4 protein chains.
Amino acid sequence: MKVGVIGATGYAGQQLVGLLCHHPKVKIEFLSSYTYAGMKYSDVYGVYKERLDSKCIGMDQAMERLDSIDVLFIALPHGKSLELIESMKNKAIKIIDFGADFRMNDIEVIKQWYGVIHTDKRLLESGVYGLPEVFRDQIKTASLVANPGCYPTASILGLLPIIGEDFVDDTSIIIDAKSGITGAGRKETLALSYCAANENFKAYSIAEHRHTPEIEEVLSLVRKSDITVSFTPHLVPMQRGILATIYISLTSTIDLEKVVTLYKDYYKNEPFVRIVEALPETKNVCRTNYCDISIKHDVRTNRLIIVSAIDNLVKGSAGAAIQNMNLMLGYSEKMGLNTAYYYL
Amino acid sequence: MKVGVIGATGYAGQQLVGLLCHHPKVKIEFLSSYTYAGMKYSDVYGVYKERLDSKCIGMDQAMERLDSIDVLFIALPHGKSLELIESMKNKAIKIIDFGADFRMNDIEVIKQWYGVIHTDKRLLESGVYGLPEVFRDQIKTASLVANPGCYPTASILGLLPIIGEDFVDDTSIIIDAKSGITGAGRKETLALSYCAANENFKAYSIAEHRHTPEIEEVLSLVRKSDITVSFTPHLVPMQRGILATIYISLTSTIDLEKVVTLYKDYYKNEPFVRIVEALPETKNVCRTNYCDISIKHDVRTNRLIIVSAIDNLVKGSAGAAIQNMNLMLGYSEKMGLNTAYYYL
Amino acid sequence: MKVGVIGATGYAGQQLVGLLCHHPKVKIEFLSSYTYAGMKYSDVYGVYKERLDSKCIGMDQAMERLDSIDVLFIALPHGKSLELIESMKNKAIKIIDFGADFRMNDIEVIKQWYGVIHTDKRLLESGVYGLPEVFRDQIKTASLVANPGCYPTASILGLLPIIGEDFVDDTSIIIDAKSGITGAGRKETLALSYCAANENFKAYSIAEHRHTPEIEEVLSLVRKSDITVSFTPHLVPMQRGILATIYISLTSTIDLEKVVTLYKDYYKNEPFVRIVEALPETKNVCRTNYCDISIKHDVRTNRLIIVSAIDNLVKGSAGAAIQNMNLMLGYSEKMGLNTAYYYL
Amino acid sequence: MKVGVIGATGYAGQQLVGLLCHHPKVKIEFLSSYTYAGMKYSDVYGVYKERLDSKCIGMDQAMERLDSIDVLFIALPHGKSLELIESMKNKAIKIIDFGADFRMNDIEVIKQWYGVIHTDKRLLESGVYGLPEVFRDQIKTASLVANPGCYPTASILGLLPIIGEDFVDDTSIIIDAKSGITGAGRKETLALSYCAANENFKAYSIAEHRHTPEIEEVLSLVRKSDITVSFTPHLVPMQRGILATIYISLTSTIDLEKVVTLYKDYYKNEPFVRIVEALPETKNVCRTNYCDISIKHDVRTNRLIIVSAIDNLVKGSAGAAIQNMNLMLGYSEKMGLNTAYYYL
């Protein structure tokens with residue numbers, strides 16, 4: 001299969017390219033970059049030298065080469081893919097979009113949180129939320145997949161098995177999430193400079209982070225009634241990884257072992273979710289497509305405390321995109337994701 | 001004043017020594033270390049060369065020199081200071097203990113969480129909890145001060161102004177705390193090795209961390225009724241700093257500005273608490289004795305989200321000890337804590 | 001092919017396992033560990049959960065299972081493999097040893113620098129130095145390969161093309177090398193703790209590091225006369241990567257472009273050496289088997305300054321071992337080393 | 001004394017401010033900043049909140065207030081101070097300039113390496129190179145001090161005692177230097193972003209770094225004949241600290257102890273140079289004004305290997321400026337530099 005990547009030089013884009021290089025069924029047809037058009041990909045990221053020395057092309061050229069590809073990945077900032085995808089309505093290509101433009105179905109919510117205005121409801125609804133653990137069947141036949149946000153992936157996977165269970169109080173969900181610095185993207189700002197981010201820890205966008213409605217929409221859909229959550233993101237001085245600590249009050253006493261079994265059963269056929277005994281650490285999921293989940297019971301306050309960890313650039317982004325592509329093309333879901341392992 | 005330090009080579013101990021060196025009224029009489037007795041202090045920590053080249057002494061020698069000092073700092077692991085302090089009952093020295101042995105008043109709670117068994121209730125009760133923001137007057141006249149834990153300092157200071165307010169639901173308190181690696185102490189274990197801790201983030205001791213009852217006892221005392229909290233600590237790949245993200249549900253609608261004013265009023269005479277507009281970052285408090293606090297309102301879920309940041313080795317430990325010493329000796333509370341500033 | 005790994009839980013061992021998992025022709029028959037015998041491999045390194053859950057075995061068991069394998073990797077501390085390998089003389093298995101015991105040929109030098117005493121000169125000489133860029137043909141037919149040290153790999157590859165050229169002064173070689181913390185191994189020592197190694201930089205073992213004679217023996221062999229070098233290692237607060245800055249005085253004026261061409265020609269058929277324009281950075285080689293080399297001319301002092309970078313755990317260790325295994329077994333040299341790419 | 005700081009918000013500027021706050025004889029009269037004029041200093045660097053909340057002023061305002069100050073610190077990028085200082089010729093203020101414009105005396109060299117063109121030779125020569133270990137007496141009476149570069153400080157101090165000794169080959173000096181990221185300044189560039197600099201190590205500006213002629217001019221002056229050196233800087237993923245590894249060939253055999261004694265004697269009255277037994281580590285000098293030096297002999301190649309470490313922002317910049325100010329004002333040289341100690 002031939003694929004193209006628009007936005008190939010951002011952090012998510014480059015991780016996608018790094019995994020696509022390694023996928024046995026894929027040929028990269030073009031890499032497009034706004035900033036680096038005309039430059040060799042291996043001059044942008046030296047690690048690719050002698051492996052991917054072709055030049056980045058600009059958006060215009062990418063548009064001209066759409067007919068030569070089967071799958072298009074779009075890894076652009078939020079709000080940039082709507083128009084682009086509208087212009088491709090009549091193309092036969094499958095699209096996997098990394099942005100938020102097609103992740104939610106509620107036009108008002110998208111407008112409110114992102115300022116993105118959809119006019120074609122049918123197009124919006126044709127976009128399937130690319131979380132295989134919820135929407136696997138729809139992804140298989142979709143031509144447009146909205147790849148989930150990194151925080152939502154960690155958060156939703158941590159909550160899925162118990163959403164709707166009658167022993168949980170759905171109004172009590174608090175998600176305290178922590179992300180490595182790549183989560184903030186590749187930008188020339190002092191806030192992301194080494195000297196500002198290193199040896200520092202902080203919260204940001206409290207009560208107003210854009211991933212909040214995305215988490216809520218998916219959970220509400222699963223729950224079949226509206227769910228509202230508190231979501232607080234933090235920046236950790238490390239490159240990769242997200243860890244979400246999730247609090248949920250219980251309405252009755254529980255047997256923790258039964259809840260753990262419930263999680264294990266729920267995910268027993270999932271290739272990329274692991275229920276772990278020891279508490280998850282980002283190091284155990286980095287450079288893999290796994291989500292590690294552990295469930296604890298705070299008996300004194302009768303709350304469940306669920307910890308969920310992913311690599312924001314793999315399961316939270318490029319790995320999920322590969323998983324989605326595999327589903328869309330009928331490949332084995334794990335193809336190309338069974339990479340070499342690195343503890344460090 | 002002449003001071004001695006027992007346990008001078010742990011991370012808290014060495015930070016105390018670093019600040020004592022700089023205090024205008026203090027002369028360090030001895031430094032005691034179990035592991036490094038007989039070795040020059042500057043050979044343990046090279047930074048002290050030509051500034052503090054005296055040798056560490058052992059515990060026996062320290063005991064013999066108690067009469068030569070006015071103030072004794074004890075920075076030993078939990079459970080080690082009880083017996084030591086019992087043996088000093090008849091000495092006229094003032095003691096500041098970094099351990100947990102005298103932090104709480106409930107003998108059963110201490111036994112349950114620490115395995116430390118108090119038999120002398122009067123001695124236990126003579127120990128004043130060294131948080132000046134709550135117990136300033138008692139500290140001034142105390143001869144035994146139990147220096148607070150680092151997590152409790154950040155947590156309690158974040159909650160103090162609103163505990164007991166009728167718009168908050170005291171049963172809903174969740175403290176999600178994150179600490180730099182020094183918080184785990186100076187130990188030869190793989191878990192604290194560079195390669196395990198670097199580029200990693202994890203929770204630990206969920207629903208069972210020993211600082212939980214300490215937080216609860218102080219809040220309950222202020223609230224004048226029992227308070228139970230969920231407390232989750234995490235390890236951040238950085239050296240210093242604690243940031244606590246605190247969630248509390250509201251029982252009625254509030255005006256955030258009024259709550260912020262309430263915080264500002266509460267702390268208006270406190271030399272080391274700053275209510276900040278921008279969200280706290282550990283970098284802004286590291287190597288200072290400040291606690292930075294910011295209050296946000298999650299309108300959608302009607303929760304307050306309070307962020308509190310301190311340096312675990314200064315306000316969370318050695319700086320608080322100096323502040324307590326100043327109070328006990330009648331010095332200006334800020335003496336020796338008005339150090340040079342380092343953003344980096 | 002069936003392989004066994006002795007010493008599978010050290011940093012080099014686990015990286016080897018991580019790459020072996022991914023090699024299309026390899027089946028891991030056993031993993032042996034002194035410290036973790038009886039424990040699941042995925043409990044030692046959580047990243048392997050659901051991928052490698054088999055238990056580590058002890059040395060005795062490993063010895064009993066030698067007949068079931070084709071290739072044995074030994075990743076033990078220096079001095080531990082000599083006896084082990086002597087005991088396997090009559091086995092038909094191919095051995096790749098990560099230790100230094102068989103890297104050099106001079107019995108006196110090995111004794112002097114490592115305290116390892118060889119008595120079987122024939123066995124010692126049967127060991128081929130596993131640097132394919134020098135000894136490819138011998139490796140193909142070897143049954144015992146001594147995998148090179150990480151510093152020697154970076155240093156020798158940086159110097160190979162000009163050793164023996166008449167415009168260089170062979171007596172002037174200075175190698176100033178810097179390594180990530182994994183280079184020091186997996187040990188429970190304060191010096192390697194996060195708080196000691198982070199935000200710190202230091203030199204160590206000046207003029208006495210054991211990799212010095214290894215570098216000299218290989219360079220001398222290539223040069224066909226004795227070469228002595230100054231070699232200084234340093235520790236960098238990062239996990240992986242070695243960068244060597246090599247200084248060599250010139251005996252006549254040179255044309256830098258010609259020297260660069262000489263390097264490019266020398267390595268033109270090498271699958272894992274890249275002569276780069278921009279200065280090498282460890283980030284560009286980490287988690288790859290590449291060695292990046294750049295050559296600069298300090299015109300004012302007429303010295304060549306060569307910068308060479310590798311990942312100490314891949315090209316400097318486990319990746320080289322896979323490359324050697326491929327050569328020994330007649331596989332494509334790059335098999336299993338064409339991994340997914342990670343810039344971060 | 002009243003002081004003003006121009007360029008107060010760069011990394012060197014803010015460290016200077018952090019130390020000035022703490023100096024017992026100094027009152028900061030104004031802080032000037034091009035980028036942040038009109039903004040509170042504590043809004044630029046949150047650590048200063050409640051300690052330094054005054055607003056930064058612009059250059060014009062700073063110029064108007066020159067008559068109100070005794071000492072002016074200028075911490076601007078190279079090339080910016082020449083014109084500024086020319087305009088102040090008739091002012092009675094003492095100036096300490098952090099830039100390179102007045103560090104060297106050779107107009108041609110300054111023009112060649114910095115593009116800065118001096119026309120007033122007398123003004124240029126009135127600038128004293130602010131390295132007290134060489135120019136203490138001149139600094140005492142100077143009205144213009146050129147604060148040394150960070151690399152030159154570490155390099156020159158490492159070499160001073162043996163320059164000119166007949167057992168060293170002055171043509172053989174190689175300085176391999178490594179700096180924390182603050183050394184590159186406070187800039188919004190991808191190369192200094194967390195994700196690019198973290199977990200990375202690289203050399204830069206090989207054979208062309210601007211600190212080279214500065215090192216050479218001072219050494220030549222001390223040697224009383226021209227000295228040329230090879231100087232290679234590297235970037236270390238840490239905030240602060242410089243470590244220079246210096247190689248120098250010997251012309252005869254030496255007794256290392258005698259050389260060490262020579263160093264100790266040379267520096268015996270220096271308040272901020274420590275000859276250390278254990279190898280220097282940047283951690284031992286960070287946030288202090290010390291330079292730690294260790295001397296090793298590579299007997300096999302008959303080279304001295306000297307390791308020198310400083311904090312680039314203190315002894316390499318702001319601390320040296322305070323030391324110079326103290327000398328210029330007749331204060332004790334250590335005043336304000338006897339700060340609290342931080343190992344971490």
Side-chain angles (χ1 to χ4, degrees), chain B residues 9-15 18 33-36 39 43-49 150 178-204 234-242 282-283 286-287 311-313 316-318 342-344, chain C residues 9-15 18 33-36 39 43-49 150 178-204 234-242 282-283 286-287 311-313 316-318 342-344:
Chain B
T9 55
Y11 289 141
Q14 68 82 23
Q15 181 60 85
S33 167
Y34 182 79
T35 315
Y36 300 101
M39 197 182 296
D43 284 341
V44 183
Y45 290 107
V47 67
Y48 287 91
K49 192 170 157 67
C150 49
K178 301 88 177 174
S179 171
I181 310 292
T182 47
R186 191 169 186 243
K187 292 169 202 149
E188 298 197 316
T189 60
L190 279 180
L192 299 180
S193 70
Y194 182 85
C195 292
N198 183 50
E199 293 289 304
N200 197 15
F201 186 86
K202 65 175 176 183
Y204 65 100
H234 301 75
L235 269 191
V236 185
M238 60 185 188
Q239 297 182 153
R240 301 167 162 257
I242 280 181
T282 58
K283 200 156 229 165
C286 274
R287 297 177 197 91
D311 183 329
N312 58 308
L313 292 180
S317 170
Y342 303 98
Y343 167 67
L344 295 156
Chain C
T9 55
Y11 289 142
Q14 68 82 23
Q15 181 59 86
S33 166
Y34 182 79
T35 315
Y36 299 101
M39 196 181 295
D43 284 340
V44 182
Y45 289 106
V47 66
Y48 288 91
K49 194 170 155 66
C150 50
K178 301 89 176 175
S179 171
I181 311 291
T182 48
R186 192 170 185 242
K187 292 169 202 150
E188 297 197 317
T189 59
L190 279 179
L192 299 181
S193 71
Y194 182 85
C195 293
N198 183 50
E199 293 289 305
N200 197 15
F201 186 86
K202 65 175 176 182
Y204 65 101
H234 301 75
L235 268 191
V236 185
M238 61 184 186
Q239 298 181 153
R240 300 166 164 258
I242 282 180
T282 58
K283 202 156 226 163
C286 275
R287 298 177 196 90
D311 183 329
N312 59 307
L313 292 180
S317 170
Y342 303 98
Y343 167 66
L344 295 155

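As the structure is a prediction and not an experimental result, all values here were calculated from the model.
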Run the salt bridge (charged side-chain N to carboxylate O under 4.0 Å, His left out) test against B:Arg287 and tell me which residues pass, sequence neighbours left out.
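Applying salt bridge (charged side-chain N to carboxylate O under 4.0 Å, His left out) to B:Arg287 gives none.
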
Within the supplied structure, the quantity of interest is the number of heavy atoms (other residues, nucleotides, ligands) at a distance under 6.0 Å from B:Tyr34 OH; does it exceed 12?
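Atom OH in B:Tyr34 is not crowded, with 12 or fewer foreign heavy atoms closer than 6.0 Å.
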
Could you measure the distance from the CG atom of C:Leu190 to the OG1 atom of B:Thr189? Nearest 0.5 Å is fine.
9.0 Å

Of the listed residues (C:Gly180, C:Cys195, C:Ala197, C:Ala184), which shares the most heavy-atom pairs with chain B below a 4.5 Å separation?
C:Cys195

If you look only at pairs with a residue in residues 183-204 of chain C, which of them pass as a salt bridge (Lys or Arg N to Asp or Glu O under 4.0 Å), with sequence neighbours excluded?
C:Lys202-D:Glu281

Check whether C:Ile181 gets within reach of chain B through its side chain, its backbone, both or neither, counting any heavy atom under 4.5 Å.
both

Closer than 3.5 angstrom, by distance alone: can the side chain of C:Tyr194 be matched with the main-chain N or O of B:Met238 as a donor-acceptor pair?
yes

